[in-house]
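Since the structure comes first, as C-alpha coordinates, the remarks are kept for the end.
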Amino acid sequence: MSFANICLTFCAECKQDHQLARELWKLASSLNHDNATYSYAMALRTGIGGQTDAAAAFSTLKQLADKGHALALLAVDQMQYAGEGTSRD
(Lines give C-alpha, C1' and ligand atoms only; values in the text may rest on other atoms or scores of the structure.)
Protein backbone atom coordinates (compact mmCIF):
# COMPACT_ATOMS: atom_id res chain seq x y z
CA MET A 1 0.00 0.00 0.00
CA SER A 2 1.40 3.39 -0.93
CA PHE A 3 1.71 6.24 1.53
CA ALA A 4 -0.84 8.18 -0.50
CA ASN A 5 -3.32 5.34 -0.07
CA ILE A 6 -2.59 5.29 3.65
CA CYS A 7 -3.58 8.97 3.73
CA LEU A 8 -7.00 7.90 2.47
CA THR A 9 -7.46 5.01 4.90
CA PHE A 10 -9.95 5.46 7.71
CA CYS A 11 -8.63 4.93 11.21
CA ALA A 12 -9.64 6.03 14.69
CA GLU A 13 -6.80 8.53 15.07
CA CYS A 14 -6.60 10.05 11.60
CA LYS A 15 -8.68 11.84 9.03
CA GLN A 16 -8.64 11.31 5.29
CA ASP A 17 -6.52 13.86 3.46
CA HIS A 18 -7.43 13.78 -0.22
CA GLN A 19 -5.30 16.77 -1.14
CA LEU A 20 -2.17 15.23 0.42
CA ALA A 21 -2.88 11.90 -1.26
CA ARG A 22 -3.17 13.65 -4.63
CA GLU A 23 0.10 15.51 -4.09
CA LEU A 24 1.88 12.30 -3.12
CA TRP A 25 0.49 10.45 -6.14
CA LYS A 26 1.77 13.27 -8.33
CA LEU A 27 5.21 13.08 -6.71
CA ALA A 28 5.39 9.29 -7.08
CA SER A 29 4.16 9.62 -10.65
CA SER A 30 7.07 11.96 -11.43
CA LEU A 31 9.32 9.11 -10.23
CA ASN A 32 7.72 6.76 -12.81
CA HIS A 33 5.59 4.73 -10.40
CA ASP A 34 2.85 3.44 -12.72
CA ASN A 35 0.23 2.70 -10.05
CA ALA A 36 0.71 6.15 -8.54
CA THR A 37 0.39 7.64 -12.03
CA TYR A 38 -2.91 5.82 -12.45
CA SER A 39 -4.16 7.03 -9.05
CA TYR A 40 -3.10 10.60 -9.84
CA ALA A 41 -4.84 10.51 -13.22
CA MET A 42 -8.01 9.17 -11.62
CA ALA A 43 -7.84 11.97 -9.03
CA LEU A 44 -7.64 14.44 -11.92
CA ARG A 45 -10.58 12.71 -13.59
CA THR A 46 -12.81 12.60 -10.51
CA GLY A 47 -11.66 15.69 -8.62
CA ILE A 48 -10.30 13.86 -5.58
CA GLY A 49 -8.15 16.35 -3.69
CA GLY A 50 -8.63 19.21 -6.15
CA GLN A 51 -10.21 20.34 -9.39
CA THR A 52 -11.15 17.97 -12.18
CA ASP A 53 -9.13 18.07 -15.39
CA ALA A 54 -10.49 15.46 -17.80
CA ALA A 55 -8.08 16.37 -20.60
CA ALA A 56 -5.00 15.98 -18.36
CA ALA A 57 -6.46 12.77 -16.91
CA PHE A 58 -7.02 11.34 -20.38
CA SER A 59 -3.54 12.29 -21.57
CA THR A 60 -1.91 10.74 -18.51
CA LEU A 61 -4.02 7.59 -18.70
CA LYS A 62 -3.34 7.24 -22.44
CA GLN A 63 0.43 7.33 -21.86
CA LEU A 64 0.04 4.69 -19.16
CA ALA A 65 -2.28 2.57 -21.32
CA ASP A 66 0.30 2.66 -24.10
CA LYS A 67 2.66 0.97 -21.63
CA GLY A 68 0.08 -1.80 -21.08
CA HIS A 69 -1.37 -0.77 -17.70
CA ALA A 70 -4.66 -2.72 -17.56
CA LEU A 71 -6.70 -0.27 -15.45
CA ALA A 72 -5.49 2.65 -17.58
CA LEU A 73 -6.58 0.79 -20.73
CA LEU A 74 -10.06 0.40 -19.26
CA ALA A 75 -10.26 4.04 -18.18
CA VAL A 76 -9.10 5.27 -21.61
CA ASP A 77 -11.76 3.16 -23.31
CA GLN A 78 -14.44 4.50 -20.98
CA MET A 79 -13.32 8.09 -21.48
CA GLN A 80 -13.17 7.74 -25.27
CA TYR A 81 -16.63 6.19 -25.35
CA ALA A 82 -18.05 9.03 -23.26
CA GLY A 83 -16.01 11.78 -24.95
CA GLU A 84 -14.57 12.68 -21.56
CA GLY A 85 -11.34 14.65 -21.94
CA THR A 86 -11.11 13.68 -25.60
CA SER A 87 -13.28 13.43 -28.68
CA ARG A 88 -15.87 10.69 -28.61
CA ASP A 89 -14.73 7.50 -30.28
Side-chain angles (χ1 to χ4, degrees):
M1 177 180 280
S2 72
F3 184 69
N5 287 339
I6 291 169
C7 291
L8 291 177
T9 303
F10 282 108
C11 65
E13 306 84 39
C14 61
K15 170 179 117 168
Q16 286 187 341
D17 191 338
H18 295 105
Q19 185 175 3
L20 177 59
R22 183 173 173 154
E23 291 170 12
L24 292 172
W25 285 325
K26 184 177 181 179
L27 174 63
S29 176
S30 72
L31 299 172
N32 298 315
H33 189 286
D34 288 346
N35 289 334
T37 301
Y38 172 78
S39 294
Y40 177 63
M42 293 304 289
L44 289 171
R45 182 181 180 192
T46 61
I48 291 174
Q51 298 294 319
T52 60
D53 187 341
F58 180 82
S59 174
T60 303
L61 288 165
K62 179 74 170 101
Q63 290 173 8
L64 199 52
D66 289 345
K67 292 170 56 176
H69 193 280
L71 292 174
L73 286 163
L74 177 62
V76 165
D77 283 347
Q78 291 171 338
M79 292 178 81
Q80 283 180 324
Y81 181 79
E84 180 185 353
T86 186
S87 59
R88 188 170 182 172
D89 189 22

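Heavy atoms only: backbone and side chains are in, while hydrogens, waters and symmetry mates are out.
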>> Applying the side chain to side chain contact (heavy atoms under 4.5 Å, CB included) criterion to Met42, which one of Ile48, Leu71, Leu61 satisfies it?
In response: Leu61
> Nearest heavy-atom pair of Tyr40 and Arg22: which atoms, and what distance?
Replying inline: CD1-O, 3.7 Å
> OG/Ser39 to CG/Leu24 distance, rounded to the nearest 0.5 angstrom?
Replying inline: 11.5 Å
> Sequence neighbours excluded, which residues qualify as salt bridge (charged side-chain N to carboxylate O under 4.0 Å, His left out) partners of Lys62?
Replying inline: Asp66
>> Within this structure, what is the NE2-CG distance for the pair His69 and Asn35, rounded to the nearest 0.5 Å?
In response: 4.0 Å
> side chain to side chain donor-acceptor pair (under 3.5 Å) with Glu84: which residues, sequence neighbours excluded?
Replying inline: Arg45
> Nearest heavy-atom pair of Ala41 and Ala57: which atoms, and what distance?
Replying inline: O-CB, 3.4 Å
> Ala36 and Ala28: which non-hydrogen atoms are nearest, and at how many Å?
Replying inline: CB-CB, 3.4 Å
> Under a 4.5 Å cut-off applied to non-hydrogen side-chain atoms, are Phe58 and Gln80 in contact?
Replying inline: yes
> CG of Leu31 to CG of Leu27: how many Å apart, nearest 0.5 Å?
Replying inline: 5.0 Å
> Between Val76 and Ala65, what is the shortest heavy-atom contact and its length?
Replying inline: CG2-CB, 4.0 Å
> How many angstroms lie between atom OH of Tyr38 and atom NE2 of His33, to the nearest 0.5 angstrom?
Replying inline: 14.5 Å
>> With heavy-atom distances below 4.5 Å as the criterion, would you say the side chains of Leu44 and Gln51 are in contact?
In response: no
> How about Gln19: does its CD atom have over 12 heavy atoms from other parts shown lying under 6.0 Å from it?
Replying inline: no
> Who pairs with Asp34 by salt bridge (charged side-chain N to carboxylate O under 4.0 Å, His left out), at least two apart in sequence or on another chain?
Replying inline: Lys67
> Would Thr46 and Thr52 count as a side-chain contact (heavy atoms from CB on, under 4.5 Å) if you check the C-alpha gap in whole Å, the side-chain angles of each, and the deciding distance to 0.1 Å?
Replying inline: CA-CA 6 Å; Thr46 61; Thr52 60; 5.8 Å; no
